[in-house]
Each structure stands twice: as C-alpha cells, then as structure tokens.
S.K.: 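For reference, the structure I am asking about is given below.
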Amino acid sequence: MKQFIAFVKKEFFHIWRDKKTTFILLGMPVVQIVIFGFALTNEVKNAKIAVLDNAKDAAASSLITQIDASRYFEVSQHLVSYREIETAFRQGQIKMAVVLPLHFEEDLQRYNKAQVQLIADASDPNFANTVTNYASAIIMDYQRRITNNRKLPYTINAEVRMLYNPQMKGAYNFVPGVMAMVLLLVCTMMTAITIVREKETGTMEVILVSPMKPQLVVFAKAVPYLLLSVINIASILLLSVFVLEVPINGNIFLLVGESILFTLVSLSLGLLISSAAGSQQTAMFISLIGLFLPTVMLSGFMFPIENMPLPLRIISNIVPAKWYYIIVRSVMIKGVGLKDVWQETLILSGMMIFFLTVAVKRFKIRLA
Amino acid sequence: MSIAVTVKNILKTYGKKKELVTALQDINFDVKTGELFGIIGPDGAGKTSLFRILTTLLLADSGTATVDGFDVVTDYKQIRKRVGYMPGKFSLYPDLTVQENLAFFATIFNTSIDENYDLIKDIYIQIEPFKDRKAGKLSGGMKQKLALSCALIHRPSVLFLDEPTTGVDAVSRKEFWEMLKRLKEQGITILVSTAYMDEASLCDRVALMQDGNIMSIDTPAQIVANFGRTLWAVRSGNMLHLLDELNTMKEVENAYPSGTFHHVILKKGYTDAFLQQALSETNNNLEIKAIRPNIEDCFMQLMRR
Amino acid sequence: MTNEKIITADKLSKRFGDFVAVNEISFEVCRGEIFGFLGANGAGKTTAMRMLCGLSLPSSGEATVAGFDVYRENEKIKKSIGYMSQKFSLYEDLTVKENMRFYGGIYGKSDAFIKQKTASVLEQLHLQKEANKLVRSLPLGWKQKLAFSVAIFHEPVIVFLDEPTGGVDPVTRREFWHMIYQAAENGITIFVTTHYMDEAEYCNRVSIMVDGNIEALDTPSALKQIYQSASMDEVFLKLARKATRADG
C-alpha cells in the first residue's frame, strides 16, 4: 500500500509540475462551456414572424396585434395558405409562423377552447425554443386578459411544431457532449501518454525490476486522472447550471456516479492504448483518431444516430460515449432515475470490466 | 565461493525471419558472489539485451540463467526483490527533485532512505547539497550518482549497471569506478557493461563481447597474458605516412594507431630489427619499442579471429 | 597543415544571466589542423562550439570561422562547415545514396557534383554494394563512418565533430580516425571533442576547458611535458579535477 501511495504521489508531482498541461486540462471544459454559453445568449428582439390568419375575426386580430405589439416579435408577413409557410422559412425571412384556425373566436366562445399553432425553425434549436416560449407566454397573457370578462375560463392550446430538427438537438445536448469529450481526453489520452512516457524515458525498466506489482502501477497511474476528471465533472455541471441555465432535473448523485463510471471506462481505454503504443505520439494518435473522432461523430450529440445508415448505427453501439450521452441526457434533462437507465449503465459497466481486464492482462511484466 | 549469476546457452534474436538479428548467440558465463564483473564491448555487441534478460525484463529465445540462485523466467518476482538495476539511459524523473526521486525508488522497493542510508552515504553525500534540485537540472556526473543511489537504496545483492559511464567525462568516470570499488567491499556483486576498453582493467574479471558473442572471459591480466604475440610501438615524424607504409608491408600482420604510437604486430619470424631496417630510410625520428598490450589491443586481436 | 587561420577566437564569451558558460576564450586553428577540444561535462565545450557554428550569438568577444564573422555572417559560416555528433545519425529510413543526395541537395550542390561525389565516397568506404540499402540495415561502425563522409560531403572548410566515436568498437574507431587524417591531409580543418583520451593524442593540438576557461592549449607532447604526465589522460585529470562547477 505504501508503494501505491508513493506512486500516486509521484504522479501528482508530474501533473502539478507540468502546469501548462494541467491548466489546459482543467481550463478546457470551462472554456468550451463558456464559449458555448455566449454563443447561446442571442436574446430575442423583434424577431420577424409570419401570420396565417384563417379566422379573420375580432379575437384573432386582437391576438395578432398583441403579439406584434410585444418587443419580441414583428409581424412581417401575412400569409394566405399553409404552403407559403414553408417558402417563408426557406427564404430565411421569418423565425416563426403563427397559424390561427378557421373559427377561432367561435371556438373560444362556444367551446371555451381554441387551438393556435406555433411553427418554428428548429435548425437553430435554442432560438426556436426561445421564440416559441415567448409566443406561448404572450398567448397565455392574452387568454388571461379575455378570461377576466367571462365566467368560464377560455383555454387556448398553443401547439408547437418544430421544423427541420424535431428532436431539438442542441443546447441541452451540448453539455453531455462536452462532458464525454473532456473525460475522454483527460482520462484516455493523458493516462496513455503518461505510461508511454515512462517507457520512453526508461523509468519503466526500473519500475518493472522493482518488487512493485505491475497491476498496482496501472491503478496508480489512473488515480490522479480520475481525480482530475471529478474536478472537471464538477466544473462542467456548475457552469452548465449557473451559466447556461441548463437544469439538472434528475438526481445529481446518480449523474455524478454515472460520470465516474464513464471516467473509469475512459481510463481503462487509456491503459489499453498504453499497452499497445510504443511512443507518446502513437498514444496520442490512437487516442485522437481511434476514440475522439468516433465520440464526436457517433455518440449522437452532433449527429442524430437514428438518421445514420445501418452500419454506422451498429458501430455506434461500441462507442462508450453514446451510452454515456443517453444516460446524461436522460438524467439531467428528462430527470429520470436509475430504473430508466439501468441498461445503459450495465453496458458501460460491462465495457469497463472488459477493457480493464484486457489492459491489466496486456500490461507487460517484461519489455517487448 | 558461491555463484551469484549463471548464464547457460543464452540465445536471443529480434525481428522476423527475413530480417532476423541475432543479439546474443549461445552466451555462457558465471559470476561469483562479490565479484566486480565487466562486460566490455562496443554498441550493438548485445550488452543491453544480456542485462535485460538477467534483470527479468526480457525473455531469451533459449538457454537458462539464474541470479542469486533464482531462475530469471520462473522466479522473476524473487529476482526483482533483490537486484539493483541502472539502465543505459539514466532512468530518473527529471521533474522530481533529487530527494523525491530517491524517496520514490526507496518506497517502491519497500524500504526507506533511512534504512539503508549507510550504504549510499558515500555517494549520496556528494549530491545532498542539491537535494531540492530537479533531477533534470543535474549535470551528467551528478545524475549518474543519483541513479546509482536509487539503484542501491534497497541494498540489492546483485547490481546491474548498463553502460553507466557512457557520455560521462574522464573525471566523473574515475570517481564512478572508485565508488564501485567501495561497493564491492560491502559484498555486493556488480555486473557492469561499458564500451570503454580502458575500464576493463578496473574489473575483477571481464567478458569481451562483440556481435552477440563472448570472445574471451578472464581476469584483465590473464587476457593480456593470452595475447600471445609481441606488440611493437612505433612512431616517427610523420605518423600518417608511417601508418600507410606499415599497412602496405606484407610482413606486417596488423598496424593501427594507438595514442602517440602506432601498434604493430609482425608476422611470425620478424622482429624489431626488420622494422628498424625497413622504416629508417623513409622516416625521421623513428622510435621502435616492444610494449605490453592493453585490453584494447587484445580486443582487436580477438576480433580478427 | 598551413598557417592560414580558419578559426580565430578572441576573448569569446557567453553568459546566461549571471552564469558565465564561456569566459573569454582565445585561440586560433589553422587550415588542415586536427584540433582537439576537450573538457569535463559542463565545462562549456558545447556552448563554445555552438557559437563557432553560428547557432548561438556570443555575449562578447570576437570570432571568425572560415573568414566569416560569427555575429553577422552566420549563414555563410553554416555553408562552410560540416557537423557530426554521436547522436546525429543519418536518416535510417533512407538508403545510403538517398542520404548523400539529400545532404548534397541542402547544401545546394549540383547534380553532377552529387553524382560524382557519391561514387567516390562509396568507393572510399567500399560501400558500392550497399548503396541502395537502407541505412538502418548497416552495422553501427559503417553508419558512423558514413555519417562522417556525409558531414564532409559538401567539401566544407572545417568540420565539427562532437564525440564522434562514442560506443564504437576499437577497430572502427581506428578506421574512423584514419578518415579524419585523410580529410585533414586534403585541407579540411578538424575540430573534435572526445572522451577518449588516446584520441586526444592523435590531435595536432589540444585545448582543455575547465569551468568556462581554456586552461591549457598545446600539442599533446608539450602538454605532457608541462604537466609532467605520461599520458593525456593524466593531463586531463590533473586539470579537470580543479573544476569547481558541476553543472552543465
């Protein structure tokens, strides 16, 4: 145990004394989140919208006037047919379309209930989300105002339709994506590089000739990076809650636990790479091409997996980040508990055990 | 006297069939306990491969070897507890201080600096003033002393030093060999490899290696005694011309420069009288004398076989 | 050897902050001379050599190499010198011929020159059969000799050799020195550092640096007389043991 502690201590010295690398490792997630955060804060102001008023009655025009009067929106086009909506979006002239049904006022008065359709361009999902939220708020406001004169409350259903990106991938998805990338980079690449460096400088020879168990060497190498990752997880979560205002709807301990599980998978992968790579460059190359790229492309946070061709969909199953991404999104945004993500958790655990076993088995007790 | 290291029929090759490189071919020798044993040979002779096999870092293709009575393959764990090893490159952490390096190696060998301080005291005391300095900032000679301290910290019974004096200046080399002498007095068996032939005379026994073969194993004195020929040292006013002339003479078996003289081995039946006569006309200030060969002369003579 | 001065150094110094790596060294080297540049680790040899090669600017003092000033004409110096160190080897994944072609090319030599010179070097080294083999496959001793030939391939005025024979077997070491002698006969000035003291004996003159100063500079036989020593090894130890600084 003393050997183990001494080894871990030494690893911390390496990390601490290479201040540049440490700074990058800890600063990278912060920078990524902040940059993304700023890119997101495009406040809605006088966004151009189109109106398709099928009702053409007093209630409808009153609602349209209220929307137009708000500082968020400006009605720039009055459309006559449903088909024109598509054209207006394609030409990039409008950010949202409001569709009022044929008998809007009549529905309200007779059934106390009416439908309004809000159509937004979700290729910029965050913006689409914001504009529909504002529009819904205005409609709610309108509803409250006219209800004051009535005994029975009116209900206006605002039906929101997102065009082009119906699942609203983006904003909330970025946080899990950044987490997966950062953890992979810190754990996989850095662990791989630090082990290979010892091979290069010849210190590995001396350590192998010592009575220290090779498995202990492997674990001691992993511990400091596990800790760095926990710091990164914490900073990403804090930033996303307080800067990006992405809520953590689920259990925070579950979220952290799952993140640590993913960290362990990444660490085992790093150890595996180190057993195969002979130089620091090779280790870096394998980490970047073999892991980083699939994580970005195939984990689902950049490109929806369900739209990919079958072979890629199959391959995506062996990308650990895919499963981690599903878990984080489910726990953080949907707010589900372990019972809804146990399958993904099991898959990640399985991957960790597999990689770790192979890595420890492959860790050579001798040179080449 | 007991035996510390045995090597029997060790063969080691690298690479695939097409580009097979034989690093060691059928190596055999024993090292007695407490002996200072030198493995002398140029780069590529197989010294490092041999040391890695004996320190359990490499598996031989065939043959057996024991260190301290333990087999290098099956009992590698036992061997790793009792040998000290200093690889060719100084294997220290450049970003750790002198003290941190030593403490680290002490701990992974299950000991502490205090426990065996008496053994390394002589060496460590010279670098102790710099104990808070990063190892990467030490000079070659000091790094070497630190590396030796690290290799000794667990009081090994057998010490393997792979080219410890390569790239180190003559003063530090001298000091290093003086340190080895003192360690030997403490009863530690030392195997040291070097490409510097002049260091052979400082060992109890040496193995002269070339191209994966041991050409000769003996005490330095006996190796010199086995030279078996008369060696002539010749010099004149124009050394280059003299050498060219010697090399064209059919009576000369071998002639090569060595310091201020050229060393000459004549074919059987010829003596200095012949040299004097043959060279006196074409050379001024000619000087010819018989000398005792050194290890390098012997090495070159063995290489010719 | 002629009296034409190829290197002149006058109170050449290099300071790094408070640390004086090279302290006012002055010497001259003549055309065709084999000049041994000795010193313990950290004595300032490498720093001095870098200044002479035009890789590092002196802090003060004057120096010329092949007639060019080390402050202003370092590009011209680089064209007139050759350089070889123990670590610098050839490109292992290129063939013998390709290495020569490459070095001839970077020194701007004509194709005709490269072709003719390649043939003569291959012949001199008896490497004709290996001309199209990868350098990787050659024995170490051959590589070392080839590296020297490549260092003087562009026929420089002077060649700097930084511990060229480390770890080489004794026979190759002799052959290597034979090549050095031949190059010197052809008028190339040799500036060499070594840890082998018997090699110091092969030099026309030897300088020994201690703590940034040139403590001794003379022919090997004169040095042995002055320091009443039997060999250069003893001379070196007598001088270098005086060193107080241990850093490099």
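Below, chain A is the first sequence line, B the second, and so on; all start at residue 1.
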S.K.: Please check if atom CZ in B:R235 has more than 12 non-hydrogen atoms from other residues, nucleotides or ligands closer than 6.0 Å.
M.R.: yes
S.K.: Quick check: under 4.5 Å, non-hydrogen atoms only, which of residues 291-300 of chain B neighbour chain C?
M.R.: B:E296, B:F299, B:M300
S.K.: What is the distance from atom CG of C:D169 to atom CD1 of B:I40, rounded to the nearest 0.5 Å?
M.R.: 14.0 Å
S.K.: Less than 4.5 Å to any heavy atom of chain C: does that hold for the side chain of B:R304, its backbone, both, or neither?
M.R.: neither
S.K.: Name the option with the most non-hydrogen atom pairs under 4.5 Å to chain B; the candidates are C:A40, C:G141, C:A200.
M.R.: C:A40
S.K.: Any residues in residues 176-183 of chain C near chain B, with a heavy-atom distance under 4.5 Å, and which are they?
M.R.: C:H178, C:Y181
S.K.: How long is the straight-line distance from CG of C:L38 back to CG of B:D169, given to the nearest 0.5 Å?
M.R.: 10.5 Å
S.K.: Let me know if C:E185 has heavy atoms under 4.5 Å from chain B in its side chain, its backbone, both or neither.
M.R.: side chain
S.K.: Is it the case that atom CD in C:Q225 sees more than 12 heavy atoms from other parts of the structure closer than 6.0 Å?
M.R.: no
S.K.: Search all heavy atoms of B:E175 against all heavy atoms of C:R241 and return the closest pair with its distance.
M.R.: CG-NH2, 4.3 Å
S.K.: Considering residues, nucleotides and ligands other than C:K97, do more than 12 of their heavy atoms fall under 6.0 Å from its NZ?
M.R.: no
S.K.: Taking everything shown except B:K181 itself, do over 12 heavy atoms lie less than 6.0 Å from its NZ?
M.R.: no
S.K.: Which residues, numbered in order, of residues 252-266 of chain B come under 4.5 angstrom of chain C by heavy-atom distance?
M.R.: B:Y256, B:P257, B:S258, B:G259, B:T260
S.K.: What are the two closest non-hydrogen atoms of C:D233 and B:A170, and how far apart are they?
M.R.: OD1-CB, 4.4 Å
S.K.: Using a cut-off of under 4.5 Å on heavy-atom pairs, state which of C:E175, C:E201, C:H195, C:M232 scores highest against chain B.
M.R.: C:H195
S.K.: For B:Q99, check side-chain hydrogen bond (donor to acceptor under 3.5 Å, both in side chains) against everything at least two apart and list the hits.
M.R.: none
S.K.: Taking all atoms of both residues into account, what is the closest heavy-atom pair of B:D43 and C:G166, and its distance?
M.R.: OD2-O, 4.0 Å
S.K.: Please look at C:V171 and chain B and tell me whether the side chain, the backbone, both or neither of the residue comes under 4.5 angstrom of a heavy atom of that chain.
M.R.: both
S.K.: Is chain C contacted by the side chain of B:D198, its backbone, both, or neither, given a heavy-atom distance below 4.5 Å?
M.R.: neither
S.K.: Quick one: what part of C:P170 sits under 4.5 Å from any heavy atom of chain B, side chain, backbone, both or neither?
M.R.: both
S.K.: Compare every heavy atom of B:V171 with every heavy atom of C:A240, then report the nearest pair and how far apart it is.
M.R.: CB-CG2, 3.2 Å
S.K.: CE/B:M197 to CG/C:D198 distance, rounded to the nearest 0.5 angstrom?
M.R.: 11.0 Å
